[in-house]
Each structure stands twice: as C-alpha cells, then as structure tokens.
Amino acid sequence: AVAAAAGTAGGGAGGWGGLLLPRLELSLCGADLTAFDDHRVDPAVFASDPATITSHHALAARPWRPPGQPPAPPLPWAAAAPHLLGHLAFGSPLPSSWQQHQQLASMPPAAALPPSALTGGLTGSFG
C-alpha cells in the first residue's frame, strides 16, 4: 500500500490528479468490527498468500493510522472494496469517515518537517 499524489485524475497527460492511494490495515475480525485489532493481518502472512486473505469471508479494512491517532471505522471488505476500486480506477471519493485519516496518513512525520514547521513558522494554505 502506498500514499501518493500528483497529476490528473483518470490518467490524463500528467498522472493521478491528487488521487490518494490509500494505505490500509487489514483484519480477519468478521462481523465483530470492534475486534479489528485482535485479528489484524500480519504483512508476512499476507505476502505469503494474498489470494487467501483477500477472499476470506471475515476480511475487513480501515485506513492506516499514524501512531497516536485514533482509528477510522473499519468496513467489511465487501463494503470497502467497491469504494477502493472506484477510488483507484476513477478517482471517486473514499468514504467520508476515512478521508480525515487518509489526510493524516499522507502527512510527513514531525521529524521530516523543517524546524520552522514545528515552531509554527509556516504560513499559508496546506490542503
């Protein structure tokens, strides 16, 4: 999963049009979305057999969250997949409950920011 932005939605001459490719957390929590963290999919397990994980009846997804941030609400894979596919293929918006979390996930960590950003020295619109 990758976070990226550039170019024009739908391909065009320049690329992706500010399209944010979502980074996800996956879980096999089934209908018990409150147990998401207890059943998270390990990246090594996914890498060893992605077809089994993506076709599992209990698969759920939510946007990745930076450390210290509250999680976005998870969606069962059957509900999340159409949103993600539409977003990747056509630039359609992700569920509104996920959008703030994706904006946070796409921000650089504080250590990567210039010192002026940490002291409030940046001005202007960042959106």
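The figures here come from the full heavy-atom set of this structure, side chains too, leaving out hydrogens, waters and symmetry mates. Count residues from 1 along the sequence.
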Asker: Give, for atom CZ of Arg40 and atom CG of Leu28, the distance between the pair rounded to the nearest 0.5 Å.
Answerer: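 Going from CZ on Arg40 over to CG on Leu28, the span is 12.0 Å.
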
Asker: Can you hop from Leu24 to Leu94 via hydrophobic side chains spaced under 4.5 Å?
Answerer: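 Yes; Leu94 is reachable from Leu24 via cluster members.
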
Asker: Report yes if some heavy atom in the side chain of Trp77 is under 4.5 Å from a heavy atom in the side chain of Leu84; otherwise report no.
Answerer: yes

Asker: Might you point out which heavy atoms bring Leu75 and His83 nearest each other, and give the distance in Å?
Answerer: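 For Leu75 versus His83, the nearest heavy atoms are CD1-CD2, 4.4 Å.
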
Asker: Restricting to salt bridge (charged side-chain N to carboxylate O under 4.0 Å, His left out), what partner residues turn up for Asp32, sequence neighbours left out?
Answerer: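 By the salt bridge (charged side-chain N to carboxylate O under 4.0 Å, His left out) rule, Asp32 matches no residue at all.
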
Asker: Going by heavy atoms in the side chains, are Thr54 and Leu26 under 4.5 Å from each other?
Answerer: no

Asker: Name all residues meeting the side chain to side chain contact (heavy atoms under 4.5 Å, CB included) criterion together with Leu33; count only those two or more places apart in sequence or in a different chain, and write none if there are none.
Answerer: Cys29, Ala60, Pro74, Pro76

Asker: Between His87 and Pro93, is there a donor-acceptor pair closer than 3.5 Å when you use the side chain of the first and the backbone of the second?
Answerer: no

Asker: With Asp49, which residues qualify under side chain to side chain contact (heavy atoms under 4.5 Å, CB included), at least two apart?
Answerer: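 With sequence neighbours excluded, Asp49 shows a side chain to side chain contact (heavy atoms under 4.5 Å, CB included) to Ala51, Thr52, given in chain and number order.
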
